[in-house]
Amino acid sequence: IDSAHATHHNANFKGFELKTKYTKAVYSKILEKERDHFNLAVKEIQILDMDFGYNDEDVFYFMSEKIDLNTPDAEIYRDKLVADDFSYKPLYGTSLRDLDFNLGLKRVEIIDGSISYLEKVKSDEEAGRLDFAAMQASFTNIGNTFGNDDTVIQIQSTFMENSSLNVDWNFKVADTTDQFIFKADLGLFDATQMNQFTQPNLYVGLDGELKQTYFTISGNPIASRIDMKMKYDEFEISVLKSNGKEKNKFLSGLANLFVSKDSEDDKKKYRYGQAEEVERVTNKSVFNFIWLSIKAALLSAMTGDGNK
C-alpha cells in the first residue's frame, strides 16, 4: 500500500497491491493441488461509513455503506497441469452465509476495472486467455446480515477487446436452497477472438460472428435451466488434430453438418436454444457451472430447430 488514511468511519488506501508470493513456475512446483496464482492492483480503495467491532454475543462484525474500488486490475492464472482439487466448491450464497463473522457491505462499486483469466492446459502451449476491460460494476448487499434482501450483482464490461457484455446476477444469501438467476447480454462478437482460449485448451477453432446473444440461467447447487436467443452469421467449427495446430478435416466436416451456419434466412430473427437439468460439477467453480449451462444452450440453438 502506497498510503493509507483512516478515521473512525472512513478509510482510504492508495496504490493497493495483493500478489502471489511466488512466480507462476515456482508456485506450480510448490502446490499439491491446483490453485489460482493472482496479482491484483487497485489505484484507490475508499471505505465509507464503516462500523466494526464485537457484538453482545462476542462475534466480530464489519459493516460499510459503500466501498469504491477505483481502477482495479487483476490477472488470475490457473495451471491445470497441477493435480486437481476435488473438494466441494460451494456457491457464493453458501460461502457468505457460512462466514464465522457478521459482514454487511451495503454497496461495492468497481470503477473502470479489468480482469484477465489465463488457463494453462498443455505444457507446450501458451495459456489460453480471457479478457474483461472497462468494467463498471455494482454489488448490493454483500454479506450475511441482510435477511431476505437480494444480493444483486450488475456488471457492464468489454469482453475480448471490443464486445459489450452486461451481466445481472442475483440470489438470496439467507435462502438455504441457494437458488440464483444469472442473465447476460453479449453484443457483436468475432468468434475467432476465442481461439486463443479454445485452440490450446479444447483443440477447437471457431469462425464467424455472433451478432447478439441473450441468455438467462436459473439454477441451484445441483442443476440449472438456461434459455438463450442469438443471431449469428457464417459460423464454422474447426476440430484440430492432437498437435493443436492442424485442422482435422473429417471431424470438422462432421461437426459442421450439425451446425446451422446462420441464425435465420431472415437476419432479423433469432435462433433459440434451451436446456434443462444441466448438472453442476460440484468440485469445480461457479463459473464452470455457468459455462456448462451456456454450452448446452449453444448446442441447442445451433444444432436444434432454433424455434422458441
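As a basis for the values below, the full set of heavy atoms in this structure was taken, side chains included, without hydrogen atoms, waters or symmetry mates. This chain uses plain numbering: 1 for the first residue, then up along the sequence.
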Legend entry - Contact list for residues 214-223, test salt bridge (charged side-chain N to carboxylate O under 4.0 Å, His left out), sequence neighbours left out: none
Legend entry - Presence of salt bridge, R78 and E34, under 4.0 angstrom: yes
Legend entry - Under the side-chain contact (heavy atoms from CB on, under 4.5 Å) test, residues paired with I1 that sit two or more places apart: A4, F13, F16
Inset, instruction - Salt-bridge test for K66 and D49: reply yes if a basic N is under 4.0 Å from a carboxylate O, no otherwise. - result: no
Legend entry - Cation-pi geometry met for K231 and Y270 (6.0 Å, 45°): yes
Legend entry - Close side-chain approach of N220 and T177, heavy atoms under 4.5 Å: no
Legend entry - Student check: side-chain heavy atoms of F289 and F182 closer than 4.5 Å: no
Legend entry - Hydrophobic cluster identity match, F139 and I67, side-chain contacts under 4.5 Å: yes
Inset, instruction - Determine, for D227 against R225, whether the closest basic-nitrogen to carboxylate-oxygen distance falls under 4.0 angstrom. - result: yes
Legend entry - Between E109 and N70: side-chain donor-acceptor atoms closer than 3.5 Å: no
Inset, instruction - Could you please spell out the steps behind the ring pair (Phe, Tyr, Trp, His ring centres under 6.0 Å) verdict for F62 and F101? - result: CA-CA 8 Å; F62 184 89; F101 67 98; 8.3 Å; no
Inset, instruction - Please list, chain by chain and in numerical order, all residues satisfying side-chain contact (heavy atoms from CB on, under 4.5 Å) with F146, sequence neighbours excluded. - result: K106, N141, D149
Inset, instruction - Assign the ring pair W169 / F180 to parallel, tilted or perpendicular, where the plane angle (0 to 90°) is split at 30° and 60°. - result: perpendicular
Inset, instruction - Decide yes or no for H37 and L31: does some side-chain heavy atom of the first lie under 4.5 Å from some side-chain heavy atom of the second? - result: no
